[in-house]
Amino acid sequence: MGGKVTCTLGEVKNRADFIVYWGGNPAECHPRHFTKYTLMQKSKFLPRGRKDRTVVMVDIRETKSVKAADIFLQVRPGKDFELMTILRAMVKDQEVSDEQIAETGLTREQLTDLIARMKGARFGVMFFGMGLSMTRGKHMNSAALLTLAAEMNAFTKFVAMPMRGHGNVTGADVIMRWQTGYPFGISFNRGYPRYNPGEFSTVDVLVRGDTDCAFIIGADPGATMPQPAIDHLAKIPTIVLDPHVTHTSRLARVHITTAPAGIAAPGTGYRMDEIPMPLRPALESPYPSDEEVVRRIKEAIAAKPDWMGQQPQMLLSQI
Amino acid sequence: MEMKVIEHATCTFCGCVCDDIELHADETRIHQAKRACVLGKAWFLNHTAEHKYPDALIDGRPATVDEAIEAAADHLYNADMPLVYGMSNTTCEAQKECVEMADLLCGLVDSHTSL
């Protein structure tokens, strides 16, 4: 679980009587999250279903999800980290000034009430979305929220879980952790894995122009990344594997059409709580699967002469 | 027309990965996705088994998969610092191959998580 204080969605469904959504909009982005796991389900521990649960929504604006919540806390944009730090202090009865609270856009009454409810819960869970993890503070925000959840365990059972989007992005984390020990932003250029987001993360690598060939699979950076990154992708040989001809395919040197995973290609996908699910494809695609194409490219590379000693790269040229 | 019914199909559109979808499909497309949400329905109904795109493109021109695999291997092999990126809309089996390929290339590997 990568060190997170977390649980599965099955536990949330059966036990969570206090649910916080922070910077996420499940009503529009994860439409069945409410009905399958957090709000509507009845269980042995929560026999009255929705009536036994308290739902808090923390966001910078009133999204569609807010209608489903009991309490809505509108935090000032970019002040999530401050708010979490204040909560961490107030949970431990440390002093926080009125000015510091006012900065977050909330009142002391709201926070005192929230903390009383958090401590009074039997099983609390905090879901956090991209509104938290992709805005000012980024991974420091996620870390603060995970720490708050961990510290709440001095009072009651509390867990946190990221609201992952994009199909099997959780699987990518899990597979990279299993294979290399790190979840993303990995470099093998010294022959062993090293982890350093900011140095080895894609946007940074592309914007600085550090990479001289890009292999893109199951993603469309040509439609989502900042323009300098896209410009660099167009400059270097880019290879794209995708079921469609995408924006990235148009600026790539090589595009290979593959069968869409879960629809025409079998395999495994991870749910956001890191539970692997078998995929049951309904169609037979005229295209090969991602797995087959990547394996064949890998084998074609392995068949070439070893570059060590012939084409000095970073490792050898540094000695 | 004869419809194939797939029970407990898995939807990989969002992170919920619902595994209780009932799909009704013929040879080329899925006609019904029961219990799926708005996003899931769009996901299942918009993908078909038709041969809509060329098998592969090299420099914008249609090519065979074999040629494209060879071209991709050449580009990656000749690079000093190749990058393997994405891995969201694909299977764990393909992701494992990607990590192995990055290891072989002494390159970079990264996912959507870093965005």
Side-chain angles (χ1 to χ4, degrees), chain A residues 30-33 164-169 171-173 175 179 184-189 197 200-202 211-219 237 239 245 253-257 260-263 267-269 271-272 277 279-280 282-286 290-291 294-298 300-301 304 313, chain B residues 6 9-10 12-19 23 25 30 37-38 47 49 51 53 55-59 65 68-73 75-77 79-104 106-114:
Chain A
H30 298 87
R32 296 182 75 203
H33 206 261
R164 305 306 298 275
H166 275 103
N168 198 18
V169 61
D173 285 18
I175 297 293
Q179 290 287 300
F184 60 90
I186 297 156
S187 168
F188 283 105
N189 61 24
F200 304 136
S201 37
T202 303
T211 178
D212 56 350
C213 181
F215 180 87
I216 314 286
I217 174 171
I239 299 136
V245 173
R253 297 283 297 275
V254 181
H255 162 91
I256 302 175
T257 311
I263 289 174
T268 313
R271 202 165 72 183
M272 61 166 80
M277 299 285 186
L279 306 181
R280 295 181 216 282
L283 303 175
E284 266 187 48
S285 177
D290 285 332
E291 184 192 355
V294 182
R295 187 186 302 118
R296 287 181 60 194
I297 295 174
K298 189 193 75 190
I301 296 165
K304 293 176 189 292
Q313 296 197 355
Chain B
I6 289 102
T10 312
T12 55
F13 183 81
C14 82
C16 285
V17 192
C18 297
D19 59 345
L23 298 177
I30 297 163
C37 66
V38 201
H47 282 88
H51 199 276
Y53 300 103
D55 287 326
L57 294 168
I58 300 175
D59 295 322
V65 175
I69 285 174
E70 217 32 67
H75 285 310
L76 289 165
Y77 178 75
D80 285 329
M81 182 73 97
L83 162 74
V84 177
Y85 170 74
M87 300 190 273
S88 290
N89 293 323
T90 189
T91 60
C92 292
E93 288 77 4
Q95 289 163 349
K96 183 179 174 292
E97 295 294 331
C98 288
V99 178
E100 203 178 327
M101 186 172 76
D103 189 359
L104 181 73
C106 293
L108 305 165
V109 58
D110 191 26
S111 78
H112 265 133
T113 308
S114 76

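Order of the sequence lines fixes the chain letters, A, B, ..., with proteins taken first and strands second; residue numbering starts at 1 for each chain. The figures here come from the full heavy-atom set of this structure, side chains too, leaving out hydrogens, waters and symmetry mates.
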Examine distances only and state if a side-chain atom of A:N189 and a backbone atom of B:C106 form a donor-acceptor pair shorter than 3.5 Å.
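Here the side-chain-to-backbone pair does not exist.
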Donor-acceptor pair, A:T211 side chain versus B:M81 backbone, under 3.5 Å?
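The answer is yes, because a donor-acceptor pair under 3.5 Å joins these two groups.
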In terms of heavy-atom pairs under 4.5 Å with chain B, which of [options] leads?
| options | result |
| --- | --- |
| A:K298, A:M272, A:R164 | A:K298 |
| A:I239, A:I175, A:V294 | A:I175 |
| A:P197, A:S285, A:G269, A:S187 | A:S187 |
| A:I216, A:I297, A:L279 | A:I297 |
| A:H30, A:Q179, A:R295, A:R32 | A:R32 |
| A:I301, A:V245, A:I256, A:D212 | A:D212 |

Contacting region of [X] [heavy-atom separation from chain A under 4.5 Å]:
| X | result |
| --- | --- |
| B:Y53 | both |
| B:I30 | both |
| B:A72 | both |
| B:L76 | both |

Tell me, out of [options], who's got the most heavy-atom pairs with chain A below 4.5 Å.
| options | answer |
| --- | --- |
| B:C18, B:G86, B:A25, B:A71 | B:C18 |
| B:A68, B:C14, B:C37 | B:C14 |
| B:L83, B:T90, B:V99 | B:L83 |
| B:D103, B:I58, B:T12 | B:D103 |
| B:V17, B:L57, B:T10 | B:L57 |
| B:E70, B:K96, B:H47, B:Q95 | B:Q95 |

Between B:M87 and B:C98 the two heavy atoms that sit nearest each other are SD-CB, 3.6 Å
Nearest heavy-atom neighbours spanning A:P286 and B:A49:
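Of all heavy-atom pairs spanning A:P286 and B:A49, the closest is CD-O, 3.1 Å.
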Please classify the contact of A:D290 with chain B as side chain, backbone, both or neither, using a heavy-atom distance under 4.5 Å.
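Both backbone and side chain.
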Sorted by chain and residue number, the ring-ring contact (aromatic ring centres under 6.0 Å, His included) partners of B:Y85 (sequence neighbours excluded) come out as B:H112
Residues two or more places apart in sequence or in another chain: which of them pass ring-ring contact (aromatic ring centres under 6.0 Å, His included) with A:F188?
none
With no hydrogens and no angle check, just 3.5 Å: does a side-chain donor-acceptor pair link B:D110 and A:T202?
yes
Is it the case that A:T268 and B:E93 place a side-chain donor and acceptor less than 3.5 Å from each other?
yes
